[in-house]
Colleague: 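This is the structure, below, for whatever I ask next.
Counting convention: from 1, in listed order, for ligands and their atoms alike.
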Amino acid sequence: MSAELVRRARAVQKNAYCPYSKFRVGAALEAADGRVYVGTNVESASYGLTICAERMAIGAAVADGARGFSRIVVATEVDPPASPCGACRQLLAEFGLDLEVIAVGPKTERRWVLRDLLPDAFARATLAK
Ligand code: THU
């Protein structure tokens, strides 16, 4: 069930630091062993330094030693719910294209598998050739 992951994403979304966009994002990333890592967006007066919620969650997970992931929930306040940006798709892809991506808005939900969000992904295997 994704209800608990949605709850975690919604909870961390409240902590978003987004004084410029006012666009709150919360992410909850579930590791293969069930551990959950959360992230939220952090903006800067130097706009380009902004960190997305998804990449924040990946950072927390990797710092804790997690590597394989099964699902990520991304919570926003828009319907249809926002999907992860291109940069976040690429960093998520680093850890596997089978990740289930669940986007939730106030009223609706969308689901994908990461490989469908990032076709022909540039990946580690490409570097090995
Ligand atoms: N944002 C995310 O946190 N994740 C995404 O996948 C797309 C965008 C944030 C960055 C910025 O703080 C705000 O949403 C508006 O772009």
Side-chain angles (χ1 to χ4, degrees):
M1 258 302 286
S2 54
E4 174 62 12
L5 266 190
V6 172
R7 192 190 69 71
R8 295 288 301 273
R10 285 283 182 220
V12 72
Q13 187 190 7
K14 294 187 172 64
N15 297 332
Y17 179 76
C18 51
Y20 307 105
S21 74
K22 313 258 195 299
F23 191 81
R24 291 181 180 277
V25 186
L29 178 64
E30 182 184 63
D33 64 6
R35 287 179 291 174
V36 175
Y37 301 92
V38 296
T40 192
N41 49 332
V42 180
E43 298 182 348
S44 166
S46 178
Y47 299 159
L49 298 182
T50 292
I51 304 171
C52 290
E54 299 92 321
R55 278 178 285 154
M56 182 72 77
I58 294 167
V62 170
D64 195 44
R67 290 293 184 272
F69 304 103
S70 49
R71 296 184 291 179
I72 187 168
V73 169
V74 181
T76 55
E77 291 306 315
V78 292
D79 283 300
S83 66
C85 80
C88 291
R89 293 178 194 198
Q90 183 68 49
L91 195 63
L92 287 166
E94 183 67 26
F95 302 96
L97 289 165
D98 293 329
L99 183 77
E100 185 179 14
V101 179
I102 303 164
V104 296
K107 297 192 184 115
T108 59
E109 175 180 306
R110 294 199 286 170
R111 289 175 185 252
W112 306 266
V113 176
L114 183 58
R115 73 175 64 257
D116 296 326
L117 290 179
L118 195 66
D120 298 317
F122 183 87
R124 185 200 301 214
T126 312
L127 294 176
K129 292 195 172 111

Colleague: Should P84 be counted as touching ligand 1, given the test is an N or O pair under 3.5 Å?
Modeller: no

Colleague: Closest non-hydrogen protein atom to atom 7 (C) of ligand 1, residue and atom name please, with distance?
Modeller: C85 CB, 3.8 Å

Colleague: Please write down residue, atom name and distance for the protein heavy atom closest to atom 9 (C) of ligand 1.
Modeller: N41 ND2, 3.6 Å

Colleague: Just let me know how C52 lines up against ligand 1, side chain, backbone, both or neither, with a heavy-atom cut-off below 4.0 Å.
Modeller: both

Colleague: Provide the number and element of each atom of ligand 1 under 4.0 Å from a heavy atom of T50.
Modeller: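 Answer for ligand 1: 10 (C), 11 (C), 12 (O).
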
Colleague: Which protein non-hydrogen atom lies closest to atom 3 (O) of ligand 1, naming both residue and atom, and how far is it?
Modeller: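 That would be A53 N, 2.9 Å.
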
Colleague: Would you find a donor on one side and an acceptor on the other, under 3.5 Å apart, between the side chain of R24 and the backbone of A16?
Modeller: yes

Colleague: Within the protein, is there a heavy atom lying under 4.0 Å from atom 12 (O) of ligand 1?
Modeller: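 Yes, because at least one protein heavy atom sits under 4.0 Å from atom 12 (O) of ligand 1.
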
Colleague: Can you check whether C88 has an N/O within less than 3.5 Å of an N/O in ligand 1?
Modeller: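 No: no nitrogen or oxygen of C88 is under 3.5 Å from one in ligand 1.
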
Colleague: What distance separates L91 CG from C85 SG, expressed to the nearest 0.5 Å?
Modeller: 10.0 Å

Colleague: Going by the atom numbers of ligand 1, which of them fall below 4.0 Å from some non-hydrogen atom of V25?
Modeller: 1 (N), 2 (C), 3 (O), 9 (C), 14 (O)

Colleague: Considering Q13, E54, E43, R24 one by one, which has a heavy atom nearer to atom 4 (N) of ligand 1 than any of the others?
Modeller: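 Going through Q13, E54, E43, R24 one by one, E54 has the nearest heavy atom to atom 4 (N) of ligand 1.
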
Colleague: Can you confirm whether more than 12 heavy atoms, excluding those of D120, are under 6.0 Å from its CG atom?
Modeller: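 It does not: D120 CG has 12 such atoms or fewer within range.
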
Colleague: For R110 and P81, work out which heavy atoms get closest and say how close.
Modeller: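 Closest approach of R110 to P81: NH2-O, 2.7 Å.
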
Colleague: Considering only the protein, which heavy-atom contact is closest to atom 14 (O) of ligand 1, and what is its distance?
Modeller: F23 CD2, 3.4 Å

Colleague: Is it true that a side-chain atom of N41 and a backbone atom of C18 form a donor plus acceptor pair closer than 3.5 Å?
Modeller: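 Absent.
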
Colleague: For the atom pair CG (L114) and CZ (R89), what is the distance rounded to the nearest 0.5 Å?
Modeller: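 That separation rounds to 8.5 Å.
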
Colleague: Given R71, which partner from the list L29, L5, V36, V101 fulfils the side-chain contact (heavy atoms from CB on, under 4.5 Å) test?
Modeller: L5

Colleague: Would you call E94 and R67 a salt bridge, using N to O less than 4.0 angstrom?
Modeller: no

